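Working notes, beginning with the structure itself.
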Amino acid sequence: MRKFFAILLSATVLAAPFAAQAQDWRHGPDRHRGPVVEKNVVVKKKVVVKKTRWVKGHRMTPAERRHMAEIRDYRRYRLSAPPRGYRWVKVDNDFLLVGIATGVISSIIAAR
């Protein structure tokens, strides 16, 4: 029984420094600041909208032509029938007469 108490006493003496190191944040060296609060950072991005001014004779890339809406009911917009090899497309409230094979702008009509 004496050996058991001696071992228990020596174990508590050896474990005391480890227990003293575990401190709560309230009792640490920076206790006057209180708990750490994370701040939310809001990053504002500037959005730049590039508007292309279409010019007669400009050759459009296939990527530009893919983002345009083809106008099949041109009479609804009071446009003339496109000649063979051309089509009407609507871009940013403008109507363009574009060559199907070449992508060259033949005519521009600004919508009202």
Side-chain angles (χ1 to χ4, degrees):
M1 193 72 162
R2 282 178 127 183
K3 286 184 181 181
F4 176 73
F5 285 119
I7 291 172
L8 188 61
L9 183 63
S10 63
T12 55
V13 169
L14 291 175
F18 297 114
Q21 289 178 357
Q23 294 179 353
D24 194 29
W25 62 271
R26 293 181 200 95
H27 304 294
D30 54 354
R31 63 182 169 266
H32 59 277
R33 287 194 283 168
V36 177
V37 178
E38 293 184 16
K39 294 181 181 178
N40 292 335
V41 178
V42 178
V43 178
K44 293 183 181 179
K45 292 186 178 182
K46 184 178 181 181
V47 178
V48 178
V49 178
K50 278 179 71 174
K51 291 233 176 182
T52 308
R53 293 197 66 201
W54 302 107
V55 185
K56 187 175 178 180
H58 172 73
R59 182 180 301 267
M60 299 168 55
T61 64
E64 287 175 329
R65 285 189 269 168
R66 269 185 294 236
H67 294 289
M68 298 181 181
E70 182 179 357
I71 303 295
R72 293 191 181 180
D73 54 344
Y74 49 87
R75 286 186 193 94
R76 177 180 174 198
Y77 298 102
R78 297 182 182 180
L79 300 171
S80 62
R84 178 177 280 177
Y86 289 88
R87 66 179 178 165
W88 286 107
V89 293
K90 185 175 182 179
V91 183
D92 297 334
N93 214 16
D94 292 333
F95 295 100
L96 308 176
L97 185 62
V98 180
I100 294 174
T102 60
V104 176
I105 297 175
S106 174
S107 177
I108 302 170
I109 297 178
R112 295 172 192 95

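Quick caveat: nothing in here was measured; it's all calculated off a predicted structure.
Side-chain heavy atoms closer than 4.5 Å link hydrophobic residues (I, L, V, M, F, W, Y) into clusters, and following such links, even through other members, never connects V91 to I109. In terms of hydrophobic clustering, with Ile, Leu, Val, Met, Phe, Trp and Tyr side chains grouped at heavy-atom distances under 4.5 Å, I105 and Y86 are assigned to different clusters.
A donor-acceptor pair under 3.5 Å is absent between the side-chain atoms of W54 and the main chain of F95, judged by distance alone.
One finds the CZ atom of R59 at 8.5 Å from the CZ atom of R65 (value rounded to the nearest 0.5 Å). Interatomic distance, CD of E64 versus CG of L96, reported as 10.0 Å (0.5 Å rounding). We find the NZ-CD1 distance between K56 and I108 to be 8.5 Å, quoted to the nearest 0.5 Å.
P83 has its side chain within reach of L97: a pair of non-hydrogen atoms, C-beta onward, lies under 4.5 Å apart.
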Donor-acceptor pairs under 3.5 angstrom involving side-chain atoms of residues 71-78: please list them, not counting sequence neighbours.
none

